[in-house]
Number of protein chains: 2
Amino acid sequence: MLGTYLKSVRDAKGMSLRNVEEKTGISNAFLSQLESGKVKQPSPLMLYKLAQLYSVPYETLMEQAGYPVPGGGIPDSRSASAVFDRLGKISSEEEQELLDYLFFLRSRARRDKRRK
Amino acid sequence: MLGTYLKSVRDAKGMSLRNVEEKTGISNAFLSQLESGKVKQPSPLMLYKLAQLYSVPYETLMEQAGYPVPGGGIPDSRSASAVFDRLGKISSEEEQELLDYLFFLRSRARRDKRRK
DNA sequence: ACGCCTTGCTTGATAAGTCAAGCAATATGG
DNA sequence: CCATATTGCTTGACTTATCAAGCAAGGCGT
């Protein structure tokens with residue numbers, strides 16, 4: 001769901017709703033409804049502002065909102081550095097744990113696939 | 001203006017409003033208001049259907065409607081530590097799990113601190 | 001002239017996005 | 001421990017998109 005995704009990104013950046021409101025001009029009330037799923041299709045402009053602030057691709061948000069996207073279901077992957085860039089400041093301990101966790105995710109995925 | 005453009009395309013194709021309604025599912029009432037400019041920002045879905053029927057690029061309609069268009073913004077942010085570059089691509093599922101995991105790490109850290 | 005489609009349009013009515021104001025709970029600092 | 005700020009959320013009002021129904025003007029065959 002769009003809302004849970006946006007919330008996870010905001011949480012990861014450690015921003016409050018009012019903090020996001022301040023930087024995007026989108027009211028905290030609306031952001032709350034958006035993250036809780038009460039708003040399903042925010043205007044593309046809102047998605048764009050959030051994409052800018054969160055450093056997340058605009059098309060991804062459009063797609064998650066259920067809007068037709070120009071490329072129409074193109075593969076989604078981006079460089080690892082771009083992803084980690086948007087996590088904000090991470091300590092070296094966190095960095096190591098995240099790397100370990102990512103390898104764990106991938107080994108588990110391989111095992112699941114083999115077990116298909 | 002978006003409306004005049006859509007009307008010119010429809011006229012060029014020799015279609016009536018009800019004809020377009022039939023093929024797109026968009027009511028002729030709405031099409032009329034759209035072409036006359038009384039509706040300024042139709043949903044991306046409407047624009048997509050019209051783009052399909054008229055064989056005109058979806059992005060063009062989005063742009064004329066005043067919506068941010070994917071290509072118009074800032075391309076990929078980048079630059080990061082070389083450590084992550086070797087990881088290659090990260091899927092959105094992996095990203096989601098990593099974000100969740102980072103949040104978990106941080107909440108655990110906060111709790112530990114409070115509990116000194 | 002007379003019916004009868006067809007065409008474009010207007011008009012309520014409904015639904016959904018969006019915000020300002022305010023509330024309850026929690027955090028923070030003196 | 002108290003005051004104050006912060007945070008997330010709800011509610012009510014407003015705006016806008018969207019549709020169903022209907023209306024007036026014009027074509028077209030008989």
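Letters go in sequence order (proteins before strands), and every chain restarts at 1.
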Item to complete: List the steps and the verdict of side chain to side chain contact (heavy atoms under 4.5 Å, CB included) for A:L17 and A:R10.
Response: CA-CA 8 Å; A:L17 291 180; A:R10 180 175 62 85; 3.4 Å; yes

Discussion item. Closer than 3.5 angstrom, by distance alone: can the side chain of A:E21 be matched with the main-chain N or O of A:N28 as a donor-acceptor pair?
Written reply: yes

Discussion item. Walk along nucleotides 15-20 of chain C from 5' to 3' and tag each nucleotide B, S or - by protein heavy-atom contact under 4.0 Å, base first, then sugar-phosphate.
Written reply: --SBBB

Worksheet item: Within this structure, what is the CG-to-C1' distance between A:L6 and D:dG8, rounded to whole angstrom?
Response: 16 Å

Discussion item. Listing request: all ring pair (Phe, Tyr, Trp, His ring centres under 6.0 Å) pairs with a residue in residues 20-66 of chain B, at least two apart in sequence or in separate chains.
Written reply: B:Y48-B:Y58

Item to complete: Check the distance between C:dC5's P and B:N28's CG and give it to me in whole angstrom.
Response: 18 Å

Discussion item. In whole Å, I'd like the distance from the CZ atom of A:R18 to the C1' atom of C:dT26.
Written reply: 13 Å

Item to complete: Report yes if at least one side-chain N or O of A:R10 is closer than 4.0 Å to OP1 or OP2 of D:dG8; otherwise report no.
Response: yes

Response to the item:
In whole angstroms, the gap separating C1' of D:dT7 from CG of A:N19 amounts to 11 Å

Worksheet entry | Non-hydrogen atoms of A:L47 and A:P42 that approach each other most closely | CD2-CG, 3.6 Å

Worksheet item: Base, sugar-phosphate, or nothing: which does A:S32 touch, judged by heavy atoms less than 4.0 Å apart?
Response: base

Item to complete: Quickly work out the B:L34 CG to D:dT16 C1' distance and round it to whole Å.
Response: 13 Å

Worksheet item: So do A:V9 and A:L50 actually touch side chain to side chain, heavy atoms under 4.5 Å?
Response: no

Worksheet entry | Point-to-point distance, once rounded to the nearest 0.5 Å, from CD of A:Q64 to CD of A:E59 | 12.5 Å

Worksheet entry | Interatomic distance, A:K7 NZ vs D:dC9 C1' [rounded to whole Å] | 12 Å

Item to complete: Return the value, rounded to whole Å, for the distance between atom CG of B:L50 and atom P of D:dT18.
Response: 10 Å

